[in-house]
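Remarks on the structure that follows.
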Amino acid sequence: IGGITIVHPDKVQTRVVSPTLVVSDLRVGAKPFPSMVFNSSGTPPSLVIPSDSTGFEIEFAALDFAAPYLNRYSYRLEGFDKDWIASDATRRTAAYTNLPPGSYTLHVRGSDHQGHWSEHDLMLPISVRAAWYQTTQIHILEVLAAIACVLLFVRARTAYLKKRQHELEEIVAERTEELRKSKIQLEEFAFHDALTSLPNRRFFAERFEHFRATSERSRAPFALILVDLDRFKGINDAFGHDAGDMVLIETTRRLKLATREMDFVARLGGDEFAVLLADAESEAVVSGVCDRLLVLLSQPVSVRGQTFPLSATLGVAIYPRHGLSQEAIYKAADVALYEAKHRGRNAWNLKSGSAVVVPAQ
C-alpha cells in the first residue's frame with residue numbers, strides 16, 4: 001500500500017495510491033462502542049450520543065504500514081469546529097465532550113509516509129440527543145416562564161408603585177390638611193380674639209373697608225357702634241381676671257343676640273367692642289339695635305354663684321354722614337361714646353350732638 005511501481009518494457013511508471021482511513025476504536029462516554037460498522041462500504045450509520053453521556057472519543061488510522069510513524073492526520077467536527085485540527089501518528093484520536101444537542105459530521109483526513117493525503121474523508125455522522133431540559137418544548141416553556149415572571153414582576157412593580165403613589169397621595173393630603181388647619185389656626189390667631197373668638201381689631205379694620213365699599217356701591221349708609229363696659233376695671237380688681245373674662249364672654253353672647261346676621265361684631269381690646277351695623281339709613285333701625293344692646297348689657301352677670309352688676313355705654317357714628325374714612329368714623333363714634341359716658345353712662349349717643357338716650361328701667 002502506498003506508491004506502486006509498474007515496470008513496462010518502454011518505461012517505468014509510478015502510480016500513487018491514497019491510504020485508506022478506518023475507525024480503530026470508538027467510545028461513547030466511558031463505554032466502548034462497536035467501530036466496525038463505520039468501516040464498511042456505503043453510507044455509515046449515525047453515531048447517537050445519549051443525553052446522559054459526556055461525549056465520545058474516536059481513534060482512527062491510515063492503512064499505510066511502510067512507515068506508520070510518518071503518517072499525518074487532521075480532523076474537523078462540522079457544526080462545531082471552525083478549522084481543521086492537525087494530529088500525528090502519536091495522537092490518532094478526536095475527543096469531544098459536552099456537545100450541544102444537534103447533528104454533526106466528523107471529517108477525518110490522513111496521509112501516508114510519503115505525504116500523500118487520502119482522496120476521500122472518513123465521515124462519521126453524529127447525533128447528540130438533548131436532555132429533557134434541553135428540548136424545544138422545555139425551551140419554549142422556559143421562555144414562557146420567563147415572560148410570565150417578567151409580567152408578574154411588572155404587575156407587582158406596578159402594584160407597588162400604585163400603592164406607594166396612593167400612600168404618597170395620602171401623605172400629601174394629610175400634610176395639605178394639616179397645612180390648611182394650621183393656616184386656619186394662624187388666621188384665627190391673626191384675625192380673632194383668643195378669649196371670645198370674636199374678630200379682633202385687625203379683622204375689624206378689613207371688614208370696615210368691606211362695609212365702606214358696599215355702601216359706596218349701594219349708596220346705603222352703615223353705622224359704627226362702639227361698646228364700652230361701665231366700671232369693668234372694678235370687677236377685675238374686686239373679683240379677679242377670671243371673673244372679668246367670664247363677664248367678657250357673656251358680653252359677647254349678648255352682643256350677638258342683640259345684632260342681626262348681616263351685622264358685624266368685634267372685640268377691639270379690653271372691654272371695648274365694636275358693631276358694624278348694616279343698612280343704617282333709618283335712625284329707627286340704629287335706635288332699635290342700640291336699645292336692645294343697652295337692655296341686654298344692663299342685666300347682671302352670674303359667675304360661679306356670684307352676681308355682678310353690668311352696664312355699657314355706646315357711641316354711634318354713621319358712614320358717610322360723619323366721615324368718609326375709617327379713621328374719621330371711628331373718631332366720631334369715640335367722641336359720641338365719650339359724651340355719653342360724661343353724661344352718666346348706661347346710654348347710647350349718636351354723633352352730632354344728639355341727646356343721650358337712656359333705656360327704660
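Just so we're clear, the structure is a prediction, and the values are computed from it rather than from any experiment.
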Provide the closest heavy-atom pair for [X] versus [Y] in the form atom of the first, atom of the second, distance.
{"X": "Val301", "Y": "Arg254", "value": "CG2-NH2, 3.7 Å"}
{"X": "Tyr73", "Y": "Ala89", "value": "CE1-CA, 4.1 Å"}
{"X": "Gly115", "Y": "Ser111", "value": "C-CB, 4.1 Å"}
{"X": "Ala328", "Y": "Leu324", "value": "CB-N, 4.4 Å"}
{"X": "Leu229", "Y": "Asp271", "value": "O-OD2, 3.1 Å"}

Should the pair Glu178-Lys181 be classified as a salt bridge under the 4.0 Å nitrogen-to-oxygen rule? no

So that I can tick it off, tell me whether Glu216 and Arg212 are bridged by a salt bridge, with the cut-off set at under 4.0 angstrom between side-chain N and carboxylate O. yes

Within a 6.0 Å radius of atom [atom1] on [X], are there more than 12 heavy atoms belonging to other residues, nucleotides or ligands?
{"X": "Glu169", "atom1": "CD", "answer": "yes"}
{"X": "Glu272", "atom1": "CD", "answer": "yes"}
{"X": "Tyr338", "atom1": "OH", "answer": "no"}

Return yes if a side-chain donor-acceptor contact under 3.5 Å exists between Thr313 and Arg345, otherwise no. no

Which residue is it: Lys341, Arg267, Lys233? I am looking for the one with a salt bridge (Lys or Arg N to Asp or Glu O under 4.0 Å) to Asp228. Lys341

Quick one: CG on Leu77 to CD1 on Ile85, what's the gap to the nearest 0.5 Å? 8.5 Å

The reported gap from CG in Leu21 to CG in Leu124 (rounded to nearest 0.5 angstrom) is 12.5 Å

Parallel, tilted or perpendicular: ring planes of [X] versus [Y], cut at 30 and 60 degrees:
{"X": "Phe204", "Y": "Phe208", "result": "tilted"}
{"X": "Phe203", "Y": "Phe264", "result": "perpendicular"}
{"X": "Trp84", "Y": "His107", "result": "perpendicular"}

Could you go through the side-chain hydrogen bond (donor to acceptor under 3.5 Å, both in side chains) check for Asp230 and Ser311 one step at a time? CA-CA 6 Å; Asp230 298 331; Ser311 65; 2.7 Å; yes

Under a 3.5 Å distance rule, please check whether Arg92 uses its side chain to pair with a backbone N or O of Phe60 as donor and acceptor. yes

Keeping His322 on the side-chain end and Ile318 on the backbone end, is there a donor-acceptor pair under 3.5 Å? yes

When you look at Glu206 and His210, which way does the side-chain hydrogen bond (donor to acceptor under 3.5 Å, both in side chains) test go after all the steps? CA-CA 7 Å; Glu206 291 188 4; His210 174 74; over 6 Å; no

